[in-house]
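One-based numbering, in listed order, for ligands and for the atoms of each.
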Amino acid sequence: MPLERHKLMQYLNDYLKPQTFSDYTCNGLQVEGKAHIQTLVTGVTASQALIDAAIEQQADAILVHHGYFWKNEPDALVGMKHRRIKALIQNDINLLAYHLPLDAHAEVGNNVQLGHKLGLQAIEVSSAAKQALLWTGKTAQPLTTTEFAALIERKLDRAPLTIVAGDKAIETVAWCTGGAQDYIDLAAELGVDAFISGEASERTYHSAIEQGVHYFGAGHHATERYGVQALGAHLQKKFNLNWLHIDIDNPI
Ligand SMILES: [Zn+2]
């Protein structure tokens, strides 16, 4: 029996609690498709390539971390935005998107999942940032910056941008996935040895050096691949869906 879409939406609403976040986009059902869902495709970003792959898989729904309708983007459905939404509607595919709720969630969130992926210990959310977006943990043993960079490269399949801030070993780490480079200052206040985010800015270098926090830019896409997969696996088990994660690689 395919799952009724409204039951899935109700469950996600209870599980991810999107109404408790102040976000830059609307979380939940962004484009309505068929009323029943049997095949679910997950991906990081609702790009044309992901939509095309989902159509090929005859997906009933696509679930992503980066959907549409961001604050400050033009409202009109023209060009790239029109092509994407037209493809979804023509193929009757639901688009579900969860941004901050999927960064912050304690079980399937990008942050907790990244901590597990890197094998960090004593993983917990820090109260230093709002909306459960800064997380901390410890390495199993003290690591040099070279060793820690190699760990990230091994686990995420991508060499991080590394800024070495002094010669202290890494035992305590703070992180926030995605475009969260400016949390480095909160991480410095926490007194951790290293900070990881997805993206970096020019100023990130100076923040790292002047505050003595090693910095690792591990990729926006690469750090946010794991939450939506954990959620897909959770939904597959819960509702017996056909679930497939499609990774459209992105070097940024
Ligand atoms: Zn993101």
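- Contact annotation: H99 places no N, O or S atom under 2.8 Å from the Zn ion (ligand 1).
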- From CA spacing to verdict: ring pair (Phe, Tyr, Trp, His ring centres under 6.0 Å), H105, H234: CA-CA 13 Å; H105 196 269; H234 175 87; 7.9 Å; no
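- Here H65 fails the criterion, with no N, O or S atom under 2.8 Å of the Zn ion (ligand 1).
- Looking only at atom types and distance, the side chain of T177 has a donor-acceptor partner in the side chain of E224 under 3.5 Å away.
- Note: angle at the Zn ion (ligand 1), from NE2 of H220 to NE2 of H66, is 100° (rounded to 10 degrees).
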- Task: Could you please spell out the steps behind the side chain to side chain donor-acceptor pair (under 3.5 Å) verdict for T42 and W243?
- Result: CA-CA 8 Å; T42 57; W243 164 62; 3.0 Å; yes
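- Residues K71 and D23 are not paired through a salt bridge, judged by the lack of any N-O separation under 4.0 Å between the basic side chain and the carboxylate.
- For the Zn ion (ligand 1), the N/O/S atoms of E224 include one lying under 2.8 Å.
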